[in-house]
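Residue numbering restarts at 1 for every chain, and letters A, B, ... go by the order of the sequence lines.
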Amino acid sequence: MVWIPVTNTDEQEMLKVIGVSSIDSFFEDIPPSLRLKSWNIPEGLSEIEAYQRLDSLSKKNRVDGISFVGGGFYDHYIPAVVDYLSQRGEFSTAYTPYQPESAQGTLQAIYEYQTALCRLTDMEVANASLYDGGTALFEAVMLAVRVTGRRKVRIIPGINPIYEQMLYTHTANLDLELEYGKNPEDCACVIGATPDFFGNIHDFTDIARNCHEAKALMIIHFYPIALGLMKTPGEMGADIAVGEGQCLGLPLGFGGPYLGLFTTRKEYIRKMPGRICAMTVDKQGKRGFVLTLQAREQHIRREKAMSNVCSNQALCALRALIYLCEVGKKGLIEIAQDCYSKTEYLKKKLTEFVSVINSKPTFNEFVVRLPIPAEQVVQKIKQSGVFPGIPLKSLLEHCKQQIPSKDMDGNRYGDIGDLLIAVTEKRTQKELDLLVELIRANIS
Amino acid sequence: MYPEDVRYTENHEWIGEEDGLYVVGISEYAQEQLGDVTYVELPEIGRHVRQKEPVAQVESVKAAEDIYAPVTGVIVEVNEALEGEPELINLDPYGRGWCFKMDDIDTAQYRRLMNREAYEKYLKSL
Amino acid sequence: MDLIYEKCNHRQAFSIPKGQIPEVSFPQELKRQHPAELPEVSELDVVRHFTHLSQRNMGIDTNFYPLGSCTMKYNPKIADVVSSFAGFTQLHPQFLYSEVYHDCIQGALELVYHLEQLLSEISGMRAVSLQPMAGAHGELTGVLMISAYHKHHNNTHKKTILIPDSAHGTNPASAAIAGFQVQEVPSNSQGTLDLDCFRKSMNDEVAGIMLTCPNTHGLFEKDIQEIAELAHKYDALLYYDGANLNAIIGQCRPGDLGFDVMHFNLHKTFATPHGMGGPGSGPVGVNERLLDFLPGPRVTKNDDHIFNLEYPKNTIGKSAPFLGHFLVAVRAYVYILMQGSEGLKEVSRKAVLNANYVLAKIRSAFPPAYDRLCMHECVLTAMPYHDFDVRALDFAKALLDRGFHAPTVYFPLTVKEALMIEPTETETKETLDQFCNTMMELAEQAKQNPDELRKAPITTPVQRLDEVKAAKELNVVHPVNTSKP
């Protein structure tokens with residue numbers, strides 16, 4: 001049997017020590033009528049066969065196109081050191097640092113990750129990560145509800161429609177009122193995204209101020225790469241800032257695992273969900289790290305815990321940390337600037353013959369309205385080895401959104417011709433020009 | 001270990017009269033079970049509370065426990081020293097480690113709480 | 001060792017291609033005031049820093065890791081290799097929500113479809129969704145389905161979830177965060193659910209019961225048939241916490257035991273790496289009653305072998321942005337394909353054999369909480385050493401000095417000074433013997449020289465840490481101005 005090293009001789013010796021005659025004795029508590037009779041599981045494959053099977057499955061997917069697909073998940077470059085270092089077995093095969101003395105690598109990395117995230121966002125504290133951007137937003141709302149004791153939640157139009165649907169799903173049995181708007185009165189929180197799902201950059205400083213006057217919390221969803229240049233959640237006065245960390249060195253991977261970024265103010269740290277790592281000293285005064293404030297968590301406080309999360313995305317958080325260390329202070333600015341410049345270049349070229357719907361500055365993503373259905377255009381361009389973007393209507397429908405869907409300035413999205421186009425630092429001028437020509441050629 | 005002049009609850013709070021007000025804290029047993037207290041969340045002054053309503057919280061590295069109002073009444077004062085020195089609860093649970101003071105209490109409820117002897121018997125039964 | 005922030009020396013490891021597109025200046029009023037103070041180090045600094053950090057960790061690859069309840073079995077390396085195929089890692093998830101791209105994701109959809117089928121077959125459930133991103137997230141998704149089911153049937157009075165006192169903390173926390181009241185049911189003197197108390201707790205208001213089986217005492221709930229009957233009599237749904245599936249895989253199936261809904265922990269039963277605490281993956285399985293409530297979309301296959309999507313009639317919505325932790329699912333898939341039918345049955349048989357072997361070898365020094373054979377893990381107690389002032393924690397720390405990761409300690413909460421040992425099926429008898437011998441030596445030392453034991457660990461990068469200081473001072477972020485120049 002693969003990976004099971006117990007030999008027949010071992011088995012006999014062990015049974016003798018235990019004092020039973022057969023392994024069947026261990027299963028005697030299972031009522032005989034409920035034992036497995038048969039099942040339809042195939043016989044095991046050898047490693048060679050399994051490799052070949054998976055290889056052929058992976059090749060049924062198409063990843064060869066020059067990609068302009070985004071929608072909250074981006075094709076950024078992953079520096080080689082990220083894979084190389086994060087794949088070390090001492091990281092990947094360890095578990096939650098319950099014994100801190102034998103997990104200082106994990107704990108110091110989490111502390112450094114928390115630090116990186118706070119420096120990136122200008123927020124005061126970060127947790128050790130949550131599953132993804134959508135669940136981070138859900139947990140942010142739960143924190144705001146705990147802090148304020150209020151049940152009303154206002155969403156500024158334009159957050160990722162996938163996250164919006166996840167928020168509805170996760171709060172379905174709670175007595176919360178979710179509605180669109182930016183008026184914080186009687187609200188636990190107001191949620192805004194910048195850049196928003198359609199690429200628009202917003203400054204929420206005034207709305208955050210209104211929130212504080214109304215004793216509501218401002219939740220800002222951010223895009224970490226954009227923070228190389230953009231005004232930060234902390235500068236705008238966010239009380240909680242959350243985001244998706246996929247862009248920080250995680251592969252697209254058809255949906256995960258990703259990384260839920262969660263930051264807030266220090267005054268809310270005891271009501272924050274998830275693990276937190278703190279610096280301390282050992283018996284001899286030597287610096288070390290431990291998980292702290294665990295009394296908030298489910299393994300101690302059970303039904304009164306701040307959240308039900310048990311795991312974090314430690315290995316993904318490690319990748320994000322290695323990414324941020326590798327690109328560094330200047331590299332992040334360069335990447336953000338490059339995304340912005342290339343997007344402006346593409347936007348300018350496209351506006352020569354199609355309309356861009358965004359009315360605000362955008363970071364690395366924007367929406368064009370094509371004169372014919374976007375799906376038709378994608379269908380054609382895809383044959384030429386380019387994935388030109390996301391047809392918005394279909395995506396919004398999959399997320400049960402009303403169509404048209406609006407942003408906070410009232411622009412409408414979701415027309416059959418709307419295509420969401422994203423640009424990263426990986427795209428070259430030649431590729432941008434190619435996209436322009438392909439769109440031009442395929443809309444007439 | 002367990003002073004004579006205060007009364008006790010099954011949840012290990014103590015309450016005693018002092019200058020016309022009623023002082024509340026947690027018992028020696030409770031502080032020992034918790035271990036080193038690292039944080040205390042105190043109630044709002046002026047709050048009307050009912051008996052057995054959770055009003056404050058004590059936290060250690062391995063536990064977090066609610067402190068319940070031993071009787072119905074109004075919170076009139078809290079021990080602000082605990083914010084900087086939560087360890088006072090461990091060091092001096094009946095003295096400098098008190099948590100809050102109450103007024104306008106239900107004195108009938110107060111009289112029905114355990115005295116020292118009853119509480120020590122109760123502890124033995126745990 | 002230094003923090004990476006203390007190594008900052010104004011170097012730049014990475015830069016992007018130059019001179020491609022003229023720079024367009026970012027709108028001034030939307031700019032951040034100061035750049036983020038990220039490290040400025042060379043690439044070799046980065047490599048050495050993280051290599052050194054890794055060396056301050058114990059993992060399955062380096063040490064025996066008998067952490068009870070966590071199933072720390074060997075993580076096959078083939079799973080890492082196949083999950084890093086470009087056709088998986090570079091695949092954009094938004095293709096899922098645009099039919100026009102569906103021809104680009106047929107391999108991924110086929111994998112999801114087939115893995116969901118395999119998990120259904122393994123569990124005896126009618127259908128499985130890979131969406132939930134971890135075990136606790138699977139619990140939450142399952143409880144949300146229970147809630148949706150009762151709402152659909154106008155069972156508005158059903159507000160309570162029953163949970164045994166031995167359950168993992170995630171069970172009550174998941175039920176609470178989904179809006180239910182939690183009622184605890186005690187264990188009996190045999191370590192299983194107290195059936196009398198359970199009967200008394202059952203009433204019309206109970207929406208569901210969450211059980212772990214075998215439970216966290218490492219014991220099979222032998223009254224499971226009666227529990228299921230009683231639950232269903234009151235139209236309450238029975239939830240199976242798959243944390244301990246490794247003990248019964250291939251022997252019996254939650255669906256056949258009467259469970260209506262469950263989650264799997266792919267990182268436990270199917271050996272995907274635990275990654276220092278995540279990512280996990282917590283697919284949910286349901287029987288007929290909850291089929292229409294599963295998260296959507298679901299993958300379907302048509303007669304031409306084309307894979308498509310559909311949404312269950314009364315779907316609760318989306319648990320995850322797409323189809324869950326896909327790259328974790330790829331690993332579990334290859335694990336199941338390679339184990340095959342006979343291999344999976346051997347998993348539980350050998351996991352249980354190993355646990356009982358450890359129990360038999362050390363029970364004279366560490367008595368079991370319940371005096372009977374165990375399943376995949378044994379729960380012992382360090383109470384005999386209480387009089388020497390040696391605790392379960394001291395044994396845990398002493399094991400670190402001797403090259404073993406510690407068992408789970410102080411859980412389940414129902415057992416005093418608990419030591420919870422789960423050896424898993426992937427360890428050799430030699431390793432188990434070394435571990436057992438070490439435990440026996442430590443037991444002797446606890447009596448002869450308790451002071452020495454309480455000093456442990458001394459060979460680890462740090463000794464016992466001051467958790468009180470950590471909680472009081474809350475140094476959770478390194479301040480900018482203390483970086484070395």
Check: Given a strict heavy-atom distance threshold of 4.5 Å, which part of Met276(C) is in contact with chain A: side chain, backbone, both, or neither?
Finding: both
Check: Should the pair Arg119(A) and Tyr5(C) be classed as cation-pi, given the thresholds of under 6.0 Å to the six-membered ring centre and 45° from the axis?
Finding: yes
Margin query: Would you say that Leu327(C) contacts Pro257(A) through its side chain, given a criterion of any heavy-atom pair below 4.5 Å between the two side chains?
Written below: yes
Next item on the list: Using modelled atom types only, decide if a donor and an acceptor are shared between the side chain of Gln337(A) and the backbone of Val24(C) within a distance under 3.5 Å.
Entry: yes
Next item on the list: Could you look at Phe220(C) and say if it's the side chain, the backbone, both or neither that has a heavy atom under 4.5 Å from chain A?
Entry: both
Margin query: Can you tell me how far apart NZ (Lys469(C)) and OG1 (Thr292(A)) are? Round to the nearest 0.5 Å.
Written below: 12.0 Å
Next item on the list: Answer with side chain, backbone, both or neither: which region of Leu144(C) has an atom nearer than 4.5 Å to a non-hydrogen atom of chain A?
Entry: side chain
Note to self: Looking only at side-chain N and O atoms, does Thr93(A) offer a donor or acceptor that is under 3.5 Å from a partner on Asn75(C)?
What the structure shows: no
Next item on the list: Would you mind checking which part of Val290(A) comes under 4.5 Å of any heavy atom in chain C, side chain (CB onward), backbone (N, CA, C, O), both or neither?
Entry: side chain
Note to self: If we ignore hydrogens and angles and just use 3.5 Å, is the side chain of Lys382(A) paired with the main-chain N or O of Val100(C) as donor and acceptor?
What the structure shows: yes
Next item on the list: May I ask you to check whether Gln99(A) and Lys397(C) show a side-chain donor-acceptor distance below 3.5 Å?
Entry: yes
Next item on the list: Please step through side chain to side chain contact (heavy atoms under 4.5 Å, CB included) for the pair Arg349(C) and Phe27(A), ending with a clear verdict.
Entry: CA-CA 9 Å; Arg349(C) 290 173 67 84; Phe27(A) 296 101; 4.1 Å; yes
Check: Using non-hydrogen atoms only, which part of Pro361(A) is less than 4.5 Å away from chain C: side chain, backbone, both, or neither?
Finding: side chain
Notebook entry, point to check: Within the side chain of Gln94(C), is there an N or O that forms a donor-acceptor pair under 3.5 Å with the backbone of Gly71(A)?
Noted result: yes
Margin query: If I compare all heavy atoms of Ile4(A) with all of Gly343(C), which pair ends up nearest, and what's the gap?
Written below: CD1-O, 4.1 Å
Checklist line | Side-chain (Ser311(A)) to main-chain (Gly278(C)) donor-acceptor, under 3.5 angstrom | finding: no
Note to self: Keeping Arg32(C) on the side-chain end and Leu120(A) on the backbone end, is there a donor-acceptor pair under 3.5 Å?
What the structure shows: yes
Margin query: I need the Ile316(C) CD1 to Gln165(A) CD distance, nearest 0.5 Å.
Written below: 10.0 Å
Notebook entry, point to check: Hey, is the main chain of Glu90(A) close enough, under 3.5 Å, to the side chain of Asp61(C) for a donor-acceptor pair?
Noted result: no
Margin query: Applying side chain to side chain contact (heavy atoms under 4.5 Å, CB included) to Glu124(A) and Val477(C), what does each step give before you reach the verdict?
Written below: CA-CA 8 Å; Glu124(A) 291 170 346; Val477(C) 175; over 6 Å; no
Notebook entry, point to check: Checking Ile122(C) against chain A: side chain, backbone, both or neither under 4.5 Å from a heavy atom?
Noted result: both
Next item on the list: Using the test side-chain contact (heavy atoms from CB on, under 4.5 Å), find all partners of Gln90(C) that sit at least two apart in sequence or belong to another chain.
Entry: Val63(A), Ala86(C)
Check: Is there a donor in the side chain of Gln55(C) and an acceptor in the side chain of Gln104(A), or the other way round, less than 3.5 Å apart?
Finding: no
Notebook entry, point to check: So which part of Asp75(A) gets closer than 4.5 Å to some heavy atom of chain C, the side chain, the backbone, both or neither?
Noted result: neither
Next item on the list: Considering non-hydrogen atoms only, spot the tightest contact between Ser341(A) and Pro22(C) and give its length.
Entry: CB-O, 3.8 Å
Note to self: Between Asp466(C) (side chain only) and Val281(A) (backbone N and O only), is there a donor and an acceptor less than 3.5 Å apart?
What the structure shows: no
Next item on the list: Please state whether the side chain, the backbone, both or neither of Pro321(C) comes within less than 4.5 Å of a heavy atom of chain A.
Entry: both
Notebook entry, point to check: Is the closest basic N to carboxylate O distance between Glu11(A) and Lys429(C) below 4.0 Å?
Noted result: no
Check: Do the two ring centres, one from Phe85(C) and one from Tyr51(A), sit under 6.0 Å apart?
Finding: yes
Notebook entry, point to check: Any donor-acceptor pair under 3.5 Å linking the side chain of Lys318(C) with the backbone of Tyr168(A)?
Noted result: no
Check: Among Arg53(A), Lys60(A), Lys59(A), which one satisfies salt bridge (charged side-chain N to carboxylate O under 4.0 Å, His left out) with Glu110(C)?
Finding: Lys60(A)
Check: Are any side-chain N or O atoms of Tyr111(A) and backbone N or O atoms of His478(C), one a donor and one an acceptor, separated by less than 3.5 Å?
Finding: yes
Next item on the list: Report yes if the distance between the aromatic ring centroids of Phe50(C) and Phe91(A) is under 6.0 Å, otherwise no.
Entry: no
Check: For Asn354(C), is it the side chain, the backbone, both, or neither that has a heavy atom closer than 4.5 Å to a heavy atom of chain A?
Finding: both
Checklist line | Contact origin within Ile276(A) toward chain C - heavy atom pairs under 4.5 Å | finding: side chain
Checklist line | Check: Phe73(A) main-chain N/O paired with His92(C) side-chain donor or acceptor under 3.5 Å | finding: yes
Next item on the list: For each of Arg35(A), Lys400(A), Glu47(A), Glu425(A), tally heavy-atom pairs with chain C at distances under 4.5 Å, and name the one with the top tally.
Entry: Glu47(A)
Check: Going from CG on Asp338(A) to CD1 on Ile21(C), what distance comes out if it is rounded to the nearest 0.5 angstrom?
Finding: 8.0 Å
Next item on the list: Output the distance between atom CH2 (Trp3(A)) and atom NZ (Lys350(C)), rounded to the nearest 0.5 Å.
Entry: 15.5 Å
Item checked: Proximity of Tyr95(A) and Tyr65(C) rings by center, below 6.0 Å -> no
Item checked: Audit row: Asn57(C), Thr106(A), side chain to side chain donor-acceptor pair (under 3.5 Å) steps and yes/no -> CA-CA 7 Å; Asn57(C) 264 7; Thr106(A) 301; 2.8 Å; yes
Note to self: Check Arg464(C) with Glu101(A), please: is the shortest side-chain N to carboxylate O separation under 4.0 Å?
What the structure shows: no
Notebook entry, point to check: So what's closer than 4.5 Å to chain A heavy atoms on Val347(C): side chain, backbone, both or neither?
Noted result: both
